[in-house]
Amino acid sequence: MVSERRAPGELESEVLAVLWSQDSALTPAEVREHLGNTLAYTTVMTTLSRLFDKGIVVREPVGRAYAYEPALDEAEFAAARMRELLDSGRDRKAVLARFVGDLSAADERVLTGLLRRKRPRR
Amino acid sequence: MSWLTHDAIWAALGSIFAYALLAPLAARRAAPAAASWLLSAGAAVVAGYGLVVLAAMAAPVVGADDWLVDKAHWSGRVLAKDSPTGKAVATFALMLFVVLVVRTVCRAVRLRRALLQARGLCDGFTTELVVLPYDAADAYAVPGRPGRIVVSRGLMRRLSRLERLAVLEHERAHLRHAHHRYTLTAGLAATAGPWLAAVPAAVGLAVERWADEDAAQSCGRAATAAALGRVADLTTRTSRPEVALSAAHTAVATRLSALRRERPARGKALVVALVAVLAVGAASSALTADRTMAIFRLAMSAGSHTVHGVACLSRGPACAGRR
(Lines give C-alpha, C1' and ligand atoms only; values in the text may rest on other atoms or scores of the structure.)
Protein backbone atom coordinates (compact mmCIF):
# COMPACT_ATOMS: atom_id res chain seq x y z
CA MET A 1 0.00 0.00 0.00
CA VAL A 2 2.78 2.45 0.90
CA SER A 3 4.98 2.88 -2.13
CA GLU A 4 8.70 2.27 -1.66
CA ARG A 5 9.62 4.49 -4.57
CA ARG A 6 9.09 7.85 -2.88
CA ALA A 7 10.46 11.18 -3.97
CA PRO A 8 13.56 12.27 -1.98
CA GLY A 9 11.66 15.20 -0.53
CA GLU A 10 8.95 12.91 0.79
CA LEU A 11 11.55 10.54 2.27
CA GLU A 12 13.11 13.45 4.12
CA SER A 13 9.72 14.30 5.60
CA GLU A 14 9.12 10.81 6.89
CA VAL A 15 12.61 10.48 8.35
CA LEU A 16 12.32 13.88 9.98
CA ALA A 17 8.92 12.94 11.40
CA VAL A 18 10.45 9.83 12.97
CA LEU A 19 13.26 11.84 14.56
CA TRP A 20 10.80 14.27 16.10
CA SER A 21 8.61 11.46 17.40
CA GLN A 22 11.38 10.11 19.60
CA ASP A 23 13.01 11.60 22.67
CA SER A 24 16.57 10.58 21.90
CA ALA A 25 18.97 10.65 18.97
CA LEU A 26 18.62 7.76 16.50
CA THR A 27 21.11 5.94 14.33
CA PRO A 28 20.23 5.16 10.69
CA ALA A 29 19.51 1.56 11.70
CA GLU A 30 17.04 2.71 14.36
CA VAL A 31 15.36 5.15 11.99
CA ARG A 32 15.02 2.36 9.42
CA GLU A 33 13.42 0.18 12.06
CA HIS A 34 10.95 2.91 13.01
CA LEU A 35 9.98 3.16 9.34
CA GLY A 36 8.98 -0.48 9.32
CA ASN A 37 12.16 -1.79 7.67
CA THR A 38 10.72 -0.98 4.26
CA LEU A 39 13.61 1.17 3.06
CA ALA A 40 17.20 0.27 2.25
CA TYR A 41 19.78 1.21 4.89
CA THR A 42 21.72 3.34 2.41
CA THR A 43 18.57 5.22 1.50
CA VAL A 44 17.95 6.11 5.12
CA MET A 45 21.60 7.10 5.60
CA THR A 46 21.62 9.31 2.51
CA THR A 47 18.40 10.98 3.60
CA LEU A 48 19.79 11.67 7.06
CA SER A 49 23.02 13.17 5.61
CA ARG A 50 20.93 15.41 3.36
CA LEU A 51 18.96 16.63 6.34
CA PHE A 52 22.21 17.25 8.20
CA ASP A 53 23.64 19.22 5.28
CA LYS A 54 20.53 21.38 5.32
CA GLY A 55 21.03 22.08 9.01
CA ILE A 56 17.69 20.55 9.99
CA VAL A 57 19.24 17.84 12.14
CA VAL A 58 22.38 17.57 14.27
CA ARG A 59 24.44 14.44 14.84
CA GLU A 60 26.99 12.93 17.17
CA PRO A 61 29.24 9.92 16.57
CA VAL A 62 28.01 6.70 18.15
CA GLY A 63 30.32 3.79 17.46
CA ARG A 64 30.85 3.59 13.71
CA ALA A 65 27.70 5.52 12.84
CA TYR A 66 26.10 8.79 13.79
CA ALA A 67 23.06 9.35 15.96
CA TYR A 68 20.77 12.05 14.59
CA GLU A 69 18.26 14.31 16.26
CA PRO A 70 16.40 17.43 15.17
CA ALA A 71 18.15 20.81 15.43
CA LEU A 72 16.07 22.61 18.03
CA ASP A 73 17.20 26.12 17.24
CA GLU A 74 16.31 25.61 13.55
CA ALA A 75 12.88 24.54 14.69
CA GLU A 76 12.50 27.52 16.97
CA PHE A 77 13.51 29.84 14.17
CA ALA A 78 10.88 28.22 11.96
CA ALA A 79 8.32 28.61 14.73
CA ALA A 80 9.09 32.30 15.02
CA ARG A 81 8.52 32.74 11.30
CA MET A 82 5.25 30.86 11.43
CA ARG A 83 4.13 33.00 14.36
CA GLU A 84 4.71 36.08 12.25
CA LEU A 85 2.42 34.73 9.58
CA LEU A 86 -0.31 33.53 11.94
CA ASP A 87 -0.38 36.55 14.19
CA SER A 88 -0.78 39.05 11.39
CA GLY A 89 -4.46 38.52 10.97
CA ARG A 90 -7.41 36.56 9.77
CA ASP A 91 -6.52 36.64 6.10
CA ARG A 92 -3.13 35.08 6.77
CA LYS A 93 -4.80 32.17 8.52
CA ALA A 94 -7.36 31.84 5.75
CA VAL A 95 -4.50 30.86 3.48
CA LEU A 96 -3.62 27.75 5.51
CA ALA A 97 -5.40 24.40 5.41
CA ARG A 98 -5.49 22.90 8.89
CA PHE A 99 -5.82 19.16 9.28
CA VAL A 100 -8.38 19.64 11.99
CA GLY A 101 -9.91 23.09 11.88
CA ASP A 102 -11.73 24.79 14.69
CA LEU A 103 -14.38 22.57 16.09
CA SER A 104 -17.76 24.04 16.83
CA ALA A 105 -19.32 23.17 20.18
CA ALA A 106 -21.70 20.77 18.39
CA ASP A 107 -18.79 19.09 16.57
CA GLU A 108 -16.95 18.56 19.84
CA ARG A 109 -19.97 16.91 21.45
CA VAL A 110 -20.52 14.50 18.55
CA LEU A 111 -16.81 13.80 18.35
CA THR A 112 -16.36 13.07 22.05
CA GLY A 113 -19.27 10.68 21.77
CA LEU A 114 -17.79 8.87 18.76
CA LEU A 115 -14.34 8.65 20.29
CA ARG A 116 -15.59 7.38 23.64
CA ARG A 117 -17.30 4.50 21.89
CA LYS A 118 -14.08 3.66 20.01
CA ARG A 119 -11.70 3.75 22.95
CA PRO A 120 -12.57 0.40 24.71
CA ARG A 121 -11.57 -1.43 21.53
CA ARG A 122 -8.00 -0.07 21.52
CA MET B 1 -42.47 44.53 -20.79
CA SER B 2 -41.32 45.28 -17.28
CA TRP B 3 -43.05 42.12 -15.98
CA LEU B 4 -40.28 40.16 -17.69
CA THR B 5 -37.64 42.02 -15.75
CA HIS B 6 -39.37 41.15 -12.52
CA ASP B 7 -39.67 37.49 -13.43
CA ALA B 8 -36.03 37.24 -14.42
CA ILE B 9 -34.95 38.98 -11.23
CA TRP B 10 -37.03 36.64 -9.11
CA ALA B 11 -35.61 33.63 -10.95
CA ALA B 12 -32.07 34.87 -10.39
CA LEU B 13 -32.78 35.45 -6.70
CA GLY B 14 -34.33 32.00 -6.48
CA SER B 15 -31.29 30.35 -7.98
CA ILE B 16 -29.01 32.20 -5.55
CA PHE B 17 -31.13 31.00 -2.64
CA ALA B 18 -31.29 27.42 -3.96
CA TYR B 19 -27.54 27.36 -4.48
CA ALA B 20 -26.86 28.55 -0.93
CA LEU B 21 -29.11 25.74 0.37
CA LEU B 22 -27.62 22.99 -1.80
CA ALA B 23 -23.97 23.84 -1.22
CA PRO B 24 -23.56 22.41 2.31
CA LEU B 25 -25.43 19.24 1.24
CA ALA B 26 -23.18 18.74 -1.75
CA ALA B 27 -20.09 19.23 0.41
CA ARG B 28 -21.23 16.33 2.59
CA ARG B 29 -22.63 13.94 -0.02
CA ALA B 30 -21.12 14.60 -3.45
CA ALA B 31 -17.74 13.41 -4.76
CA PRO B 32 -15.22 15.69 -3.00
CA ALA B 33 -13.22 16.82 -6.01
CA ALA B 34 -16.31 17.63 -8.07
CA ALA B 35 -17.95 19.34 -5.09
CA SER B 36 -14.87 21.47 -4.39
CA TRP B 37 -14.64 22.66 -7.95
CA LEU B 38 -18.34 23.14 -8.51
CA LEU B 39 -19.01 24.87 -5.20
CA SER B 40 -16.13 27.34 -5.42
CA ALA B 41 -16.57 28.24 -9.09
CA GLY B 42 -20.33 28.24 -8.55
CA ALA B 43 -20.00 30.57 -5.59
CA ALA B 44 -18.05 33.08 -7.66
CA VAL B 45 -20.65 32.89 -10.42
CA VAL B 46 -23.60 33.14 -8.03
CA ALA B 47 -22.02 36.16 -6.36
CA GLY B 48 -21.95 37.64 -9.86
CA TYR B 49 -25.68 36.95 -10.27
CA GLY B 50 -26.35 38.85 -7.07
CA LEU B 51 -24.39 41.85 -8.28
CA VAL B 52 -26.21 41.79 -11.63
CA VAL B 53 -29.56 41.79 -9.83
CA LEU B 54 -28.51 44.67 -7.60
CA ALA B 55 -27.26 46.63 -10.59
CA ALA B 56 -30.49 45.96 -12.48
CA MET B 57 -32.52 47.23 -9.53
CA ALA B 58 -30.40 50.32 -9.03
CA ALA B 59 -29.43 51.41 -12.54
CA PRO B 60 -32.66 52.81 -13.99
CA VAL B 61 -33.42 54.93 -10.93
CA VAL B 62 -29.80 56.09 -10.77
CA GLY B 63 -29.91 56.85 -14.46
CA ALA B 64 -33.03 58.94 -14.01
CA ASP B 65 -31.05 61.32 -11.84
CA ASP B 66 -31.19 64.84 -13.32
CA TRP B 67 -27.44 65.30 -13.60
CA LEU B 68 -27.01 62.06 -15.51
CA VAL B 69 -30.01 62.78 -17.74
CA ASP B 70 -28.43 66.09 -18.63
CA LYS B 71 -25.02 64.58 -19.42
CA ALA B 72 -26.12 61.40 -21.17
CA HIS B 73 -29.11 62.76 -23.04
CA TRP B 74 -31.31 59.82 -22.27
CA SER B 75 -34.90 60.07 -21.22
CA GLY B 76 -35.21 60.12 -17.43
CA ARG B 77 -38.93 59.58 -17.83
CA VAL B 78 -38.50 56.28 -19.66
CA LEU B 79 -35.99 55.08 -17.06
CA ALA B 80 -38.24 55.96 -14.17
CA LYS B 81 -41.22 54.33 -15.86
CA ASP B 82 -39.50 51.06 -16.81
CA SER B 83 -37.50 50.69 -13.60
CA PRO B 84 -38.18 47.29 -11.96
CA THR B 85 -38.28 48.84 -8.49
CA GLY B 86 -39.19 52.02 -6.69
CA LYS B 87 -36.75 54.71 -5.67
CA ALA B 88 -36.24 53.49 -2.08
CA VAL B 89 -35.38 49.90 -3.02
CA ALA B 90 -33.19 51.10 -5.88
CA THR B 91 -31.22 53.39 -3.61
CA PHE B 92 -30.71 50.57 -1.13
CA ALA B 93 -29.61 48.29 -3.97
CA LEU B 94 -27.09 50.87 -5.13
CA MET B 95 -25.59 51.30 -1.67
CA LEU B 96 -25.38 47.55 -1.18
CA PHE B 97 -23.78 47.10 -4.60
CA VAL B 98 -21.09 49.68 -3.87
CA VAL B 99 -20.38 48.30 -0.38
CA LEU B 100 -20.09 44.73 -1.67
CA VAL B 101 -17.79 45.63 -4.56
CA VAL B 102 -15.50 47.72 -2.35
CA ARG B 103 -15.40 45.03 0.35
CA THR B 104 -14.52 42.36 -2.19
CA VAL B 105 -11.78 44.35 -3.86
CA CYS B 106 -10.20 45.18 -0.49
CA ARG B 107 -10.36 41.57 0.66
CA ALA B 108 -8.90 40.34 -2.63
CA VAL B 109 -5.94 42.68 -2.21
CA ARG B 110 -5.39 41.51 1.38
CA LEU B 111 -5.64 37.82 0.44
CA ARG B 112 -3.19 38.25 -2.39
CA ARG B 113 -0.75 39.87 0.02
CA ALA B 114 -1.25 36.99 2.46
CA LEU B 115 -0.58 34.45 -0.27
CA LEU B 116 2.60 36.21 -1.26
CA GLN B 117 3.72 36.30 2.35
CA ALA B 118 2.97 32.58 2.69
CA ARG B 119 4.96 31.90 -0.46
CA GLY B 120 7.91 33.87 0.88
CA LEU B 121 7.69 31.88 4.09
CA CYS B 122 7.73 28.60 2.18
CA ASP B 123 10.80 29.70 0.23
CA GLY B 124 12.64 30.18 3.52
CA PHE B 125 12.33 26.49 4.39
CA THR B 126 14.48 23.81 2.79
CA THR B 127 12.38 20.73 3.49
CA GLU B 128 8.83 19.74 2.63
CA LEU B 129 8.08 19.11 6.30
CA VAL B 130 8.62 21.72 8.97
CA VAL B 131 8.24 20.64 12.58
CA LEU B 132 7.58 23.25 15.24
CA PRO B 133 8.72 22.56 18.83
CA TYR B 134 5.21 22.91 20.32
CA ASP B 135 3.44 20.32 22.39
CA ALA B 136 -0.06 21.15 21.16
CA ALA B 137 -1.18 18.90 18.33
CA ASP B 138 -1.25 20.80 15.05
CA ALA B 139 -0.84 20.17 11.35
CA TYR B 140 -1.42 22.39 8.35
CA ALA B 141 -0.38 23.05 4.78
CA VAL B 142 1.06 26.39 3.70
CA PRO B 143 0.63 27.13 -0.02
CA GLY B 144 3.71 28.22 -1.89
CA ARG B 145 6.01 27.29 -4.71
CA PRO B 146 6.55 24.69 -3.44
CA GLY B 147 4.18 24.53 -0.50
CA ARG B 148 5.21 23.28 2.93
CA ILE B 149 3.67 21.04 5.55
CA VAL B 150 3.87 22.35 9.10
CA VAL B 151 3.29 20.06 12.06
CA SER B 152 3.98 20.27 15.77
CA ARG B 153 6.34 18.07 17.77
CA GLY B 154 3.42 17.19 20.01
CA LEU B 155 1.60 15.63 17.07
CA MET B 156 4.62 13.65 15.87
CA ARG B 157 5.13 12.22 19.35
CA ARG B 158 1.56 11.06 19.79
CA LEU B 159 0.88 9.39 16.43
CA SER B 160 1.89 5.97 15.18
CA ARG B 161 3.96 5.70 12.01
CA LEU B 162 0.97 5.02 9.77
CA GLU B 163 -1.03 7.83 11.36
CA ARG B 164 1.86 10.24 10.78
CA LEU B 165 1.96 9.14 7.16
CA ALA B 166 -1.78 9.68 6.78
CA VAL B 167 -1.45 13.25 8.07
CA LEU B 168 1.49 13.90 5.72
CA GLU B 169 -0.37 12.47 2.72
CA HIS B 170 -3.45 14.52 3.60
CA GLU B 171 -1.47 17.76 3.71
CA ARG B 172 0.43 16.83 0.56
CA ALA B 173 -2.90 16.48 -1.20
CA HIS B 174 -3.84 20.02 -0.17
CA LEU B 175 -0.62 21.30 -1.74
CA ARG B 176 -0.75 19.09 -4.83
CA HIS B 177 -4.26 20.20 -5.76
CA ALA B 178 -3.75 23.82 -4.63
CA HIS B 179 -6.82 23.62 -2.42
CA HIS B 180 -6.26 27.14 -1.17
CA ARG B 181 -7.53 28.35 -4.57
CA TYR B 182 -10.90 26.77 -3.91
CA THR B 183 -11.28 27.99 -0.34
CA LEU B 184 -10.11 31.51 -1.08
CA THR B 185 -12.43 31.79 -4.09
CA ALA B 186 -15.34 30.71 -1.93
CA GLY B 187 -14.30 33.18 0.76
CA LEU B 188 -14.18 36.04 -1.71
CA ALA B 189 -17.51 35.03 -3.21
CA ALA B 190 -19.08 35.18 0.25
CA THR B 191 -17.66 38.68 0.67
CA ALA B 192 -19.27 39.75 -2.59
CA GLY B 193 -22.49 37.95 -1.67
CA PRO B 194 -23.23 37.65 2.06
CA TRP B 195 -26.17 35.35 1.28
CA LEU B 196 -23.46 32.80 0.44
CA ALA B 197 -22.16 32.83 4.02
CA ALA B 198 -22.54 29.03 4.35
CA VAL B 199 -20.49 28.28 1.23
CA PRO B 200 -16.89 28.81 2.47
CA ALA B 201 -17.45 26.24 5.23
CA ALA B 202 -18.95 23.87 2.65
CA VAL B 203 -15.96 24.27 0.33
CA GLY B 204 -13.64 23.83 3.31
CA LEU B 205 -15.32 20.53 4.13
CA ALA B 206 -15.18 19.41 0.48
CA VAL B 207 -11.42 20.00 0.18
CA GLU B 208 -10.77 18.29 3.51
CA ARG B 209 -12.72 15.25 2.30
CA TRP B 210 -10.76 15.39 -0.96
CA ALA B 211 -7.46 15.31 0.96
CA ASP B 212 -8.82 12.53 3.20
CA GLU B 213 -9.60 10.44 0.11
CA ASP B 214 -6.09 10.98 -1.27
CA ALA B 215 -4.53 10.00 2.05
CA ALA B 216 -6.77 6.91 2.13
CA GLN B 217 -5.40 5.91 -1.29
CA SER B 218 -1.90 5.69 0.18
CA CYS B 219 -2.59 4.55 3.72
CA GLY B 220 -5.98 2.91 3.62
CA ARG B 221 -9.31 4.24 4.83
CA ALA B 222 -9.02 2.73 8.31
CA ALA B 223 -5.61 4.26 9.05
CA THR B 224 -6.69 7.66 7.73
CA ALA B 225 -9.84 7.59 9.84
CA ALA B 226 -7.77 6.53 12.84
CA ALA B 227 -5.35 9.40 12.29
CA LEU B 228 -8.18 11.87 11.91
CA GLY B 229 -9.90 10.63 15.03
CA ARG B 230 -6.66 10.69 16.99
CA VAL B 231 -5.77 14.22 15.91
CA ALA B 232 -9.27 15.49 16.61
CA ASP B 233 -9.13 13.84 20.03
CA LEU B 234 -5.78 15.46 20.77
CA THR B 235 -7.06 18.79 19.50
CA THR B 236 -10.07 18.80 21.80
CA ARG B 237 -7.91 17.79 24.76
CA THR B 238 -4.92 20.10 24.35
CA SER B 239 -5.75 23.76 24.64
CA ARG B 240 -5.22 26.04 21.66
CA PRO B 241 -3.40 29.20 22.67
CA GLU B 242 -4.58 31.31 19.79
CA VAL B 243 -8.08 31.73 18.48
CA ALA B 244 -7.58 30.90 14.85
CA LEU B 245 -10.29 31.85 12.43
CA SER B 246 -9.71 29.30 9.73
CA ALA B 247 -11.65 29.74 6.54
CA ALA B 248 -12.03 25.98 6.34
CA HIS B 249 -14.31 24.96 9.22
CA THR B 250 -13.99 21.20 9.16
CA ALA B 251 -16.81 18.99 10.28
CA VAL B 252 -14.68 16.17 11.62
CA ALA B 253 -17.58 13.87 12.35
CA THR B 254 -18.75 14.12 8.72
CA ARG B 255 -15.25 13.34 7.49
CA LEU B 256 -14.99 10.33 9.80
CA SER B 257 -18.27 8.84 8.61
CA ALA B 258 -17.26 9.50 4.98
CA LEU B 259 -14.04 7.55 5.59
CA ARG B 260 -15.95 4.73 7.27
CA ARG B 261 -17.85 4.10 4.04
CA GLU B 262 -16.20 1.62 1.69
CA ARG B 263 -16.09 4.05 -1.20
CA PRO B 264 -16.49 7.79 -1.45
CA ALA B 265 -20.05 8.93 -2.15
CA ARG B 266 -20.82 10.08 -5.69
CA GLY B 267 -23.85 12.28 -5.08
CA LYS B 268 -24.57 12.61 -8.81
CA ALA B 269 -28.09 13.88 -8.24
CA LEU B 270 -26.78 16.76 -6.15
CA VAL B 271 -24.20 17.69 -8.75
CA VAL B 272 -26.88 17.71 -11.46
CA ALA B 273 -29.16 19.82 -9.26
CA LEU B 274 -26.38 22.34 -8.62
CA VAL B 275 -25.56 22.62 -12.31
CA ALA B 276 -29.26 23.12 -13.06
CA VAL B 277 -29.52 25.86 -10.44
CA LEU B 278 -26.43 27.58 -11.84
CA ALA B 279 -27.85 27.35 -15.36
CA VAL B 280 -31.16 28.89 -14.30
CA GLY B 281 -29.25 31.63 -12.53
CA ALA B 282 -27.13 32.28 -15.60
CA ALA B 283 -30.13 32.50 -17.91
CA SER B 284 -32.13 34.77 -15.60
CA SER B 285 -29.13 37.02 -14.87
CA ALA B 286 -28.42 37.32 -18.58
CA LEU B 287 -32.08 38.17 -19.17
CA THR B 288 -32.01 40.72 -16.36
CA ALA B 289 -28.87 42.35 -17.72
CA ASP B 290 -30.24 42.32 -21.25
CA ARG B 291 -33.52 43.87 -20.16
CA THR B 292 -31.70 46.58 -18.24
CA MET B 293 -29.63 47.39 -21.30
CA ALA B 294 -32.82 47.50 -23.37
CA ILE B 295 -34.35 50.02 -20.95
CA PHE B 296 -31.31 52.23 -21.34
CA ARG B 297 -31.31 51.88 -25.12
CA LEU B 298 -34.98 52.89 -25.17
CA ALA B 299 -34.20 55.81 -22.91
CA MET B 300 -31.32 56.86 -25.14
CA SER B 301 -33.40 56.90 -28.31
CA ALA B 302 -36.29 58.69 -26.55
CA GLY B 303 -33.80 61.17 -25.15
CA SER B 304 -32.12 61.95 -28.48
CA HIS B 305 -35.47 62.49 -30.14
CA THR B 306 -36.42 64.98 -27.44
CA VAL B 307 -33.12 66.82 -27.77
CA HIS B 308 -33.38 66.88 -31.53
CA GLY B 309 -37.01 67.89 -31.25
CA VAL B 310 -36.12 70.85 -29.03
CA ALA B 311 -33.29 71.96 -31.32
CA CYS B 312 -35.63 71.60 -34.28
CA LEU B 313 -38.30 73.78 -32.71
CA SER B 314 -35.81 76.55 -32.07
CA ARG B 315 -34.62 76.47 -35.68
CA GLY B 316 -38.08 76.88 -37.07
CA PRO B 317 -40.63 75.00 -39.18
CA ALA B 318 -38.13 73.99 -41.91
CA CYS B 319 -36.61 71.46 -39.48
CA ALA B 320 -39.86 69.76 -38.49
CA GLY B 321 -40.57 66.32 -39.95
CA ARG B 322 -36.89 65.49 -40.40
CA ARG B 323 -35.66 62.72 -38.11
Side-chain angles (χ1 to χ4, degrees), chain A residues 1-3 7 9-10 12-23 34-36 50-51 54-56 70 72 74-79 81-104 106-115 118-119, chain B residues 107 110-111 114-115 117-118 121 124-134 138-143 149-151 153 156-157 159 161 164-165 167-168 170-172 174 179-180 183-184 187 204 207 218-220 228-229 231-233 235-236 242 244-253 256:
Chain A
M1 220 183 303
V2 178
S3 162
E10 296 188 354
E12 279 178 15
S13 303
E14 281 170 57
V15 166
L16 190 59
V18 167
L19 291 177
W20 277 102
S21 71
Q22 303 304 308
D23 283 324
H34 278 282
L35 287 174
R50 249 206 312 269
L51 284 170
K54 287 183 181 177
I56 307 291
L72 208 57
E74 250 320 288
E76 277 166 7
F77 186 46
R81 268 139 78 210
M82 282 310 307
R83 268 257 86 70
E84 257 177 55
L85 183 78
L86 288 175
D87 284 347
S88 39
R90 194 171 69 146
D91 294 314
R92 304 293 189 264
K93 288 166 197 162
V95 153
L96 309 177
R98 284 196 125 108
F99 185 61
V100 172
D102 297 297
L103 302 172
S104 67
D107 260 333
E108 291 201 23
R109 279 198 297 274
V110 175
L111 206 56
T112 327
L114 277 172
L115 293 168
K118 267 183 69 195
R119 232 165 273 164
Chain B
R107 181 123 200 265
R110 284 200 311 267
L111 285 175
L115 268 178
Q117 195 184 14
L121 186 67
F125 296 128
T126 53
T127 51
E128 176 197 49
L129 180 68
V130 177
V131 185
L132 305 182
Y134 296 143
D138 218 348
Y140 45 87
V142 184
I149 301 170
V150 178
V151 301
R153 172 181 59 195
M156 296 291 96
R157 280 187 175 163
L159 295 181
R161 182 198 154 223
R164 281 199 302 266
L165 192 61
V167 173
L168 279 182
H170 173 105
E171 299 303 335
R172 270 181 201 136
H174 279 322
H179 282 165
H180 63 282
T183 52
L184 293 179
V207 300
S218 304
C219 310
L228 178 56
V231 177
D233 188 28
T235 308
T236 54
E242 79 277 10
L245 296 169
S246 67
H249 184 102
T250 58
V252 176
L256 277 175

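Proteins come first, then strands; the chains are lettered A, B, ... in the order of their sequence lines, and each starts at number 1. These numbers come from the heavy atoms of this one structure, side chains and all, not from hydrogens, waters or symmetry mates.
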K.L.:
Measure distances from A/E12 to the heavy atoms of chain B and classify the residue's part below 4.5 Å as side chain, backbone, both or neither.
P.N.:
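Side chain of A/E12 only, per the 4.5 Å heavy-atom cut-off to chain B.
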K.L.:
Is B/V142 close to chain A through its backbone or its side chain, or both, or neither, when contacts mean heavy atoms under 4.5 Å?
P.N.:
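Both parts, heavy atoms under 4.5 Å.
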K.L.:
Please look at B/V150 and chain A and tell me whether the side chain, the backbone, both or neither of the residue comes under 4.5 angstrom of a heavy atom of that chain.
P.N.:
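The side chain, not the backbone.
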K.L.:
Closest approach of A/K54 and B/T127, non-hydrogen atoms and distance?
P.N.:
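Heavy atoms of A/K54 and B/T127 come nearest at CD-CG2, 4.0 Å.
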K.L.:
According to side-chain contact (heavy atoms from CB on, under 4.5 Å), who are the partners of B/A139, at least two apart in sequence or on a separate chain?
P.N.:
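side-chain contact (heavy atoms from CB on, under 4.5 Å) check on B/A139 returns A/F99, B/V151, B/L155, B/V167, B/E171.
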K.L.:
Could you look at A/L51 and say if it's the side chain, the backbone, both or neither that has a heavy atom under 4.5 Å from chain B?
P.N.:
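Interface part for A/L51: side chain.
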K.L.:
If I take atom CD1 from residue A/I56 and atom CZ from residue A/R50, how far apart are they, to the nearest 0.5 angstrom?
P.N.:
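Reported value, rounded in 0.5 Å steps: 12.5 Å.
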K.L.:
Less than 4.5 Å to any heavy atom of chain A: does that hold for the side chain of B/L168, its backbone, both, or neither?
P.N.:
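Contact with chain A is through the side chain of B/L168 alone.
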K.L.:
Any chance you could measure A/H34, atom NE2, to A/L19, atom CG, to the nearest 0.5 Å?
P.N.:
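Answer for the NE2-CG pair, A/H34 versus A/L19, is 9.0 Å.
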K.L.:
Please find the pair of heavy atoms, one from B/P133 and one from A/E76, that lie closest to each other, and give the distance.
P.N.:
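In this case the closest contact between B/P133 and A/E76 is CG-CG, 3.7 Å.
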K.L.:
Flag the one option from B/V131, B/L115, B/I149 with the top tally of heavy-atom pairs under 4.5 Å to chain A.
P.N.:
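Highest number of heavy-atom pairs under 4.5 Å: B/V131.
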K.L.:
Check A/V18 against A/S21 and note the closest heavy-atom contact, atom names and distance.
P.N.:
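Of all heavy-atom pairs spanning A/V18 and A/S21, the closest is O-OG, 2.6 Å.
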K.L.:
Go through the atoms of A/E74 and report whether side chain, backbone, both or neither lie under 4.5 Å from a heavy atom of chain B.
P.N.:
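Interface part for A/E74: neither.
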K.L.:
For a quick test of reading the model, state the closest non-hydrogen atom pair linking B/L256 to B/G229 and the distance between them.
P.N.:
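Heavy-atom minimum between the residues: CD2-N, 4.0 Å.
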K.L.:
Name the member of B/V130, B/L159, B/L121 that forms the most heavy-atom pairs with chain A at distances under 4.5 Å.
P.N.:
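Of the options given, most contacts go to B/L121.
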K.L.:
Among the options B/R153, B/H179, B/R164, pick out the one with the most heavy-atom pairs lying under 4.5 Å from chain A.
P.N.:
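Most heavy-atom pairs under 4.5 Å with chain A: B/R164.
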